[in-house]
Amino acid sequence: GKNAVTISYAINMVFFGAFVQYLRILTGSIWTGVGFHLVFVYINRIIGLESTDLIQFTDITEETPVQIAFIAALLLVFIALLVYPRITKRKIGWNELQS
């Protein structure tokens, strides 16, 4: 059914959670993750398959290509954020989170 937790959904949530946690480590603020999640939910409400969505994907009959595109985009951004501290010579570590 529509409420079933699938493997692809679980994988998406693992990547999403890891990304939000890394945003917290990178910025030192939980609000970055909260803001990212808010924007993600908002975009998810305006883009979709329903006629009420602002941006409609009427040609898409299954979610797998969209999920693959989401994971690929998230991985690209995640890799860019992993490279960012090296480019800026900023040291990121778990010790920075301890106050």
Side-chain angles (χ1 to χ4, degrees):
K2 282 204 170 236
N3 293 329
V5 176
T6 62
I7 298 287
S8 60
Y9 177 78
I11 291 171
N12 275 339
M13 290 303 103
V14 168
F15 279 110
F16 186 85
F19 181 73
V20 170
Q21 289 304 316
Y22 184 70
L23 284 177
R24 183 188 183 298
I25 293 168
L26 189 65
T27 63
S29 172
I30 195 170
W31 293 109
T32 308
V34 171
F36 174 77
H37 187 264
L38 182 68
V39 168
F40 182 82
V41 169
Y42 180 70
I43 288 174
N44 202 23
R45 291 184 142 240
I46 65 170
I47 298 175
L49 302 173
E50 304 296 324
S51 61
T52 57
D53 294 325
L54 185 62
I55 301 171
Q56 299 168 13
F57 293 119
T58 55
D59 296 337
I60 296 176
T61 56
E62 63 178 75
E63 293 182 7
T64 305
V66 177
Q67 290 173 341
I68 290 171
F70 169 72
I71 290 172
L74 194 59
L75 281 174
L76 285 174
V77 172
F78 197 73
I79 289 168
L81 287 174
L82 285 174
V83 172
Y84 172 76
R86 294 182 190 268
I87 292 172
T88 60
K89 307 282 191 244
R90 181 173 167 210
K91 193 170 184 145
I92 300 287
W94 290 105
N95 293 334
E96 292 182 8
L97 296 177
Q98 297 173 356
S99 305

| said: Quiz question: by atom type and distance under 3.5 Å, do the side chains of Ser8 and Thr6 form a donor-acceptor pair? | reply: yes
| query | Going from CZ on Arg24 to CG on Leu26, what distance comes out if it is rounded to the nearest 0.5 angstrom? | reply | 12.0 Å
| field | hydrophobic_cluster_shared for Ile7 and Val5, side chain cutoff 4.5 Å | value | no
| request: State, with a plain yes or no, whether a side-chain heavy atom of His37 is found less than 4.5 Å away from one of Val41. | output: yes
| query | Mind checking whether Phe16 and Phe36 have side chains closer than 4.5 Å, heavy atoms only? | reply | yes
| More than 12 heavy atoms of other groups within 6.0 Å of Ile30 CD1 | no
| task | Could you tell me the separation between the CG atom of Leu75 and the CZ atom of Phe19, rounded to the nearest 0.5 Å? | result | 10.5 Å
| said: What's the separation between atom CG in Asn12 and atom CD1 in Ile68, rounded to the nearest 0.5 Å? | reply: 10.0 Å
| said: When you group the ILVMFWY residues by side-chain heavy-atom contacts below 4.5 Å and let the links chain together, are Ile11 and Val20 in the same group? | reply: yes
| request: Verify the cluster assignment for Leu23 and Val77: are they in a single hydrophobic cluster under the rule of side-chain heavy atoms below 4.5 Å apart? | output: yes
